[in-house]
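Data block below; observations after.
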Protein chains: 2
Amino acid sequence: MGLSIGQVAERTGLSVHALRFYEREGLLADPVRRESNGRRVYTEDDVDWLAMCIKFRSSGMPLDTIRRYTDLVRQGAGNEADRLELLRSHRAAVEAQIRDLENCLAVITHKVTIYEEHLADGTAYCLWVPPEQQTDPAAW
Amino acid sequence: MGLSIGQVAERTGLSVHALRFYEREGLLADPVRRESNGRRVYTEDDVDWLAMCIKFRSSGMPLDTIRRYTDLVRQGAGNEADRLELLRSHRAAVEAQIRDLENCLAVITHKVTIYEEHLADGTAYCLWVPPEQQTDPAAW
DNA sequence: ACTTGACCTAGACAGCGCTCTAGCTCTTAG
DNA sequence: CTAAGAGCTAGAGCGCTGTCTAGGTCAAGT
């Protein structure tokens with residue numbers, strides 16, 4: 001039933017180093033149980049929790065904030081409003097990030113289009129001919 | 001017509017430190033011109049170029065890749081296909097990033113919804129009562 | 001003359017998030 | 001009996017992206 005750190009690494013995609021690091025950093029709801037010999041034994045819940053941490057991380061939540069969330073959960077019932085606030089503000093941050101990326105994407109796509117046209121109609125190699133065009137931002 | 005580093009910092013939102021750093025790192029198409037006293041004089045084109053760099057950066061392109069792109073542009077006409085490839089692969093990376101974020105967003109929104117319901121119907125403070133629920137991932 | 005403020009260079013330092021090393025213990029297989 | 005392989009701790013190191021400091025120049029205002 002219990003999982004070794006290696007198995008958890010395999011399932012989560014985190015390295016064993018990262019798993020120990022996350023634990024030291026207080027990102028796990030409770031310090032992982034140990035066998036008599038001191039080895040870590042993870043539960044499925046631990047893996048689920050880690051999966052959530054990974055979602056948080058990969059959406060840009062700093063470890064510090066994950067730790068704050070973890071602390072709230074560890075403290076138990078009574079602070080659900082705080083957790084909600086943290087989640088909501090992260091959601092807003094993610095939404096902002098997506099908007100920002102979409103904006104960047106539009107710019108990049110525009111540039112891709114310009115280059116595709118240049119290359120398709122063979123004008124690419126003429127760009128340098130009229131010196132003025134060398135500094136035309138569209139040709140960057 | 002020329003802009004001081006301070007003015008460029010103000011327009012771009014980059015710090016003067018970052019501007020000098022970017023220049024040292026070779027992110028500017030040409031090393032910025034200087035006044036006789038050694039002070040940098042930026043053109044509007046420099047600002048446009050920086051704006052593009054900022055788009056690249058904020059969509060996750062590493063400085064290293066921006067430098068490679070800059071090098072291509074600096075080399076002049078003839079390598080448009082390389083530039084296009086770089087742009088396309090970055091576009092793909094940005095699209096992947098957006099998909100990933102949207103996935104995370106769904107998870108976070110789901111958690112927000114759960115907490116909102118808990119708080120709305122007053123079950124929040126009862127979560128700890130039956131011990132089994134203490135480890136229910138939905139209550140995290 | 002003096003102060004202020006913007007600028008300069010070179011290079012040290014910082015924060016984040018891991019990653020790796022050294023030196024050890026245990027367990028298991030051959 | 002031994003060697004391999006997984007795990008352990010403490011702590012050093014790293015890659016990236018800036019940020020800041022020290023020590024200096026220069027121009028303008030008072």
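Order of the sequence lines sets the chain letters (A, B, ...), proteins ahead of strands, with each chain counted from 1.
Side-chain N/O atoms of B:R57 include one lying less than 4.0 angstrom from OP1 or OP2 on D:dG18. The side chain of A:R20 contributes no N or O atom lying less than 4.0 Å from OP1 or OP2 of D:dT9. Contact annotation: B:S4 side-chain N/O to C:dA6 OP1/OP2 distance is not under 4.0 Å.
Taking atom CG of B:L14 as the reference point, atom P of D:dC20 lies 14 Å away to the nearest angstrom. Here D:dT25 presents its C1' atom at 15 Å from CD1 of B:I5, a figure rounded to the nearest Å. C:dC18 atom P lies 11 Å from atom CG of A:L19, rounded to whole Å. Atom CG of B:L27 and atom C1' of D:dG18 are 12 Å apart (whole Å). Taking atom CD on A:E25 and atom C1' on D:dT9, their separation rounds to 15 Å, with Å as the unit. Atoms CG (A:L3) and P (D:dA6) sit 16 Å apart, rounded to a whole Å.
No side-chain heavy atom of B:I108 sits under 4.5 Å from any side-chain heavy atom of A:K55. A 4.5 Å side-chain heavy-atom check between B:L105 and B:L101 finds every atom pair outside the cut-off.
Taken residue by residue, residues 34-41 of chain A places heavy atoms nearer than 4.0 Å to DNA chain D at A:R34, A:G38, A:R39, A:R40.
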**Report entry** Residues B:R40, B:R34; criterion side chain to side chain contact (heavy atoms under 4.5 Å, CB included); working and verdict
**Finding:** CA-CA 4 Å; B:R40 290 170 178 81; B:R34 305 298 184 109; 3.4 Å; yes

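The nearest heavy atom of DNA chain D to B:A18 and to A:V16 marks one nucleotide each, and the one closer to the 5' end goes with A:V16. Between B:Q7 and A:M61, the one whose closest nucleotide on DNA chain C sits nearer the 5' end is B:Q7. If you find the closest nucleotide of DNA chain D to B:G60 and to B:H17, the one lying nearer the 5' end belongs to B:G60.
Taking the six-membered ring for Trp and thresholds of 30 and 60 degrees, B:Y115 and A:Y69 have ring planes more than 60 degrees apart, a perpendicular arrangement.
Contact check on B:D71 versus B:R68 returns no salt bridge, with no Lys/Arg side-chain nitrogen under 4.0 Å from an Asp/Glu carboxylate oxygen. A salt bridge does not link A:E25 to A:R57: none of the charged side-chain nitrogens sits closer than 4.0 Å to a carboxylate oxygen.
The two residues A:L119 and B:A81 come nearest to each other via the heavy atoms CD1-CA, 3.7 Å.
You'll find that the side chain of A:R24 is closest to D:dG11, out of D:dG11, C:dC7, D:dC20. Closest to the side chain of B:Y22, out of D:dG18, C:dT19, C:dC7, is D:dG18. With C:dC18, D:dT9, D:dT17 as the candidates, the nucleotide lying closest to the side chain of B:F21 is D:dT17.
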